[in-house]
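Excluded from the calculations below are hydrogen atoms, water molecules and symmetry mates; all remaining heavy atoms, backbone and side chain alike, are included. Just follow the structure's listing: the first ligand is 1, and inside any ligand the first atom is 1. If you're wondering where the values come from, they're calculated on a predicted model, not measured in any experiment.
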Amino acid sequence: MIALGCDHGGFPLMQEVIAYLDKQGLEYENFGTYSTESCDYPIFAKKVAQAVQEGKCDKGILICGTGIGISITANKLKGIRAALCHDCFSAKATREHNDANILAMGARVVGPGLAIDIVENFLNTPFSGDERHVRRIQMIED
Ligand code: RB5
């Protein structure tokens with residue numbers, strides 16, 4: 001189950017992500033926002049981060065204008081590793097090395113084609129499980 005959240009700036013790109021997830025038959029829970037009306041991104045970042053933290057969802061996707069505010073907020077919650085990615089290499093590497101559990105993107109930074117490739121890389125790349133990466137992730141929490 002994938003938790004989805006965005007603000008008004010991220011709303012248009014989130015519709016593209018939802019269309020992609022539907023096409024792939026992937027399950028998601030959409031925590032809003034649900035329109036382009038101005039809103040506060042921390043509300044939606046916290047909802048998604050909490051769903052992942054509690055294990056209700058195994059991954060999350062957050063989108064705001066830049067991806068910055070929404071990722072800063074999500075990373076305040078213990079156990080959340082939100083990675084702001086605007087390229088496919090980073091999306092793949094953050095899964096392999098950081099076991100990132102939330103992908104953040106900026107709708108004003110990337111176009112829909114690249115964004116969907118980033119989502120694909122994020123969702124389809126497993127954590128490497130290498131001892132050094134497990135150790136470093138543990139060190140983030142300590
Ligand atoms: C909203 O205008 C914008 O500030 C927000 O989407 C995001 O970019 C914040 O980091």
Side-chain angles (χ1 to χ4, degrees), residues 1-128 130 132-142:
M1 181 67 74
I2 304 161
L4 304 180
C6 65
D7 74 350
H8 53 289
F11 180 80
L13 181 57
M14 186 56 89
Q15 305 322 296
E16 305 276 349
V17 171
I18 288 171
Y20 166 78
L21 297 176
D22 284 341
K23 206 168 144 193
Q24 298 298 312
L26 295 169
E27 286 195 315
Y28 55 83
E29 187 168 348
N30 187 357
F31 291 89
T33 190
Y34 305 108
S35 77
T36 52
E37 192 181 327
S38 184
C39 63
D40 301 324
Y41 61 80
I43 295 170
F44 307 98
K46 284 181 184 174
K47 285 183 182 189
V48 166
Q50 273 160 11
V52 174
Q53 188 185 49
E54 289 163 6
K56 276 166 59 186
C57 295
D58 35 51
K59 286 198 183 82
I61 299 174
L62 285 171
I63 308 177
C64 65
T66 58
I68 297 171
I70 219 155
S71 56
I72 290 173
T73 310
N75 278 316
K76 293 278 180 191
L77 279 82
K78 195 167 172 57
I80 294 302
R81 294 178 299 281
L84 175 56
C85 299
H86 290 134
D87 66 272
C88 294
F89 172 80
S90 299
K92 191 167 180 285
T94 196
R95 288 288 311 126
E96 287 172 344
H97 292 203
N98 316 119
D99 197 15
N101 46 20
I102 294 182
L103 168 67
M105 295 188 293
R108 297 173 186 154
V109 183
V110 284
L114 176 55
I116 298 306
D117 282 357
I118 291 168
V119 168
E120 211 158 34
N121 274 278
F122 184 79
L123 295 180
N124 295 327
T125 305
F127 176 47
S128 72
D130 289 349
R132 69 185 189 286
H133 294 311
V134 172
R135 184 180 70 240
R136 290 164 189 163
I137 291 165
Q138 188 56 50
M139 287 170 76
I140 297 172
E141 299 297 337
D142 292 344

Engineer: Less than 3.5 Å apart, N/O on ligand 1 and N/O on the protein: could you list those pairs with the distances?
Structural biologist:
{"unit_1": "ligand 1", "atom_1": "2 (O)", "unit_2": "Arg108", "atom_2": "NH1", "d": "3.4"}
{"unit_1": "ligand 1", "atom_1": "6 (O)", "unit_2": "Asp7", "atom_2": "OD2", "d": "2.6"}
{"unit_1": "ligand 1", "atom_1": "6 (O)", "unit_2": "Gly65", "atom_2": "N", "d": "2.7"}
{"unit_1": "ligand 1", "atom_1": "8 (O)", "unit_2": "Gly65", "atom_2": "N", "d": "3.4"}
{"unit_1": "ligand 1", "atom_1": "8 (O)", "unit_2": "Thr66", "atom_2": "N", "d": "2.9"}
{"unit_1": "ligand 1", "atom_1": "8 (O)", "unit_2": "Thr66", "atom_2": "OG1", "d": "3.0"}
{"unit_1": "ligand 1", "atom_1": "10 (O)", "unit_2": "Thr66", "atom_2": "OG1", "d": "3.2"}
{"unit_1": "ligand 1", "atom_1": "10 (O)", "unit_2": "Gly69", "atom_2": "N", "d": "2.9"}

Engineer: Please list every donor-acceptor pair under 3.5 Å in which a side-chain atom of residues 31-39 meets a protein atom from a residue at least two apart or in another chain.
Structural biologist:
{"unit_1": "Tyr34", "atom_1": "OH", "unit_2": "Asn30", "atom_2": "O", "d": "2.7"}
{"unit_1": "Tyr34", "atom_1": "OH", "unit_2": "Gly32", "atom_2": "N", "d": "3.4"}
{"unit_1": "Ser35", "atom_1": "OG", "unit_2": "Glu37", "atom_2": "N", "d": "3.1"}

Engineer: If you count the non-hydrogen atoms of other residues, nucleotides and ligands that lie under 6.0 Å from CD in Glu141, is the total more than 12?
Structural biologist: yes
Engineer: First locate atom CG of Leu84, then atom OG1 of Thr66, and finally report the distance between them rounded to the nearest 0.5 Å.
Structural biologist: 7.0 Å
Engineer: At what distance, to the nearest 0.5 angstrom, does CD1 of Ile2 lie from CG of Leu21?
Structural biologist: 5.0 Å
Engineer: Quick one: does Lys59's side chain get under 4.5 Å of Val52's, heavy atoms only?
Structural biologist: no
Engineer: Thr125 vs Asn121, test: side-chain hydrogen bond (donor to acceptor under 3.5 Å, both in side chains). Steps then yes/no.
Structural biologist: CA-CA 6 Å; Thr125 305; Asn121 274 278; 4.7 Å; no
